[in-house]
S.K.: 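Before we start, here is the structure in question, set down as structure tokens.
What you are looking at is a predicted structure, and each value in this text was computed from that prediction instead of being measured.
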Amino acid sequence: WQGRESPAAIVARSLPDEGRIVEVRGVVVSEPDESRDGRRGFFTLEVESLRVGEKWLPVNLDVRVIWPGKLPQYGDGV
């Protein structure tokens with residue numbers, strides 16, 4: 001067992017406590033699944049960087065995304 005924090009915990013600690021919009025860039029690493037009503041979909045995004053305010057931060061973590069509208073494809077950068 002190694003006593004290391006998860007990438008998600010490290011990123012969460014670097015974000016401000018108050019609510020804030022965060023822009024994320026990454027690559028779709030799972031086949032998107034469309035919802036039954038076709039209005040949204042779900043996929044895993046491998047996050048490469050995120051922007052808080054004016055500052056871009058390099059990160060390396062996977063997040064599950066709920067995406068409205070037309071879905072990207074596996075391998076797309078979003």
S.K.: Listing request: all salt bridge (Lys or Arg N to Asp or Glu O under 4.0 Å) pairs with a residue in residues 52-63, at least two apart in sequence or in separate chains.
M.R.: none
S.K.: If you group Ile, Leu, Val, Met, Phe, Trp and Tyr by side-chain heavy-atom gaps below 4.5 Å, do L61 and V65 land in one group?
M.R.: yes
S.K.: For P32 and P72, work out which heavy atoms get closest and say how close.
M.R.: CG-O, 3.1 Å
S.K.: Same cluster for V22 and V47 if Ile/Leu/Val/Met/Phe/Trp/Tyr side chains link at under 4.5 Å?
M.R.: yes
S.K.: Partners of S35 by side chain to side chain donor-acceptor pair (under 3.5 Å), sequence neighbours excluded?
M.R.: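 Listed in chain order: D37.
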S.K.: Please list all pairs meeting side-chain hydrogen bond (donor to acceptor under 3.5 Å, both in side chains) that have one or both residues in residues 69-78, counting only residues at least two apart or in different chains.
M.R.: none
S.K.: What pairs with R64 under side chain to side chain contact (heavy atoms under 4.5 Å, CB included), at least two apart in sequence or on another chain?
M.R.: S30, D33, F42, T44
S.K.: Does E23 have any side chain to side chain contact (heavy atoms under 4.5 Å, CB included) partners at least two apart in sequence or in another chain, and if so, which?
M.R.: R25, R51, W56
S.K.: Can you tell me how far CZ of R40 sits from CG of L71, rounded to the nearest 0.5 angstrom?
M.R.: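 The distance works out to 11.0 Å.
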S.K.: What verdict does the side chain to side chain contact (heavy atoms under 4.5 Å, CB included) test give for W67 and V78, after you've listed the backbone C-alpha separation in whole Å, the side-chain angles of each residue and the deciding distance to 0.1 Å?
M.R.: CA-CA 11 Å; W67 188 272; V78 296; 4.0 Å; yes
S.K.: Any ring-ring contact (aromatic ring centres under 6.0 Å, His included) involving residues 19-38? Give me the pairs, sequence neighbours left out, ordered by first then second residue.
M.R.: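 For residues 19-38: none.
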S.K.: Please answer: with hydrophobic residues joined when any side-chain heavy atoms are less than 4.5 Å apart, are L57 and V27 in the same cluster?
M.R.: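 Result: no, two separate clusters.
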S.K.: Starting from V63, can I reach V24 by hopping between I/L/V/M/F/W/Y residues whose side chains sit under 4.5 Å apart?
M.R.: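 The answer is yes; both residues are in one hydrophobic cluster.
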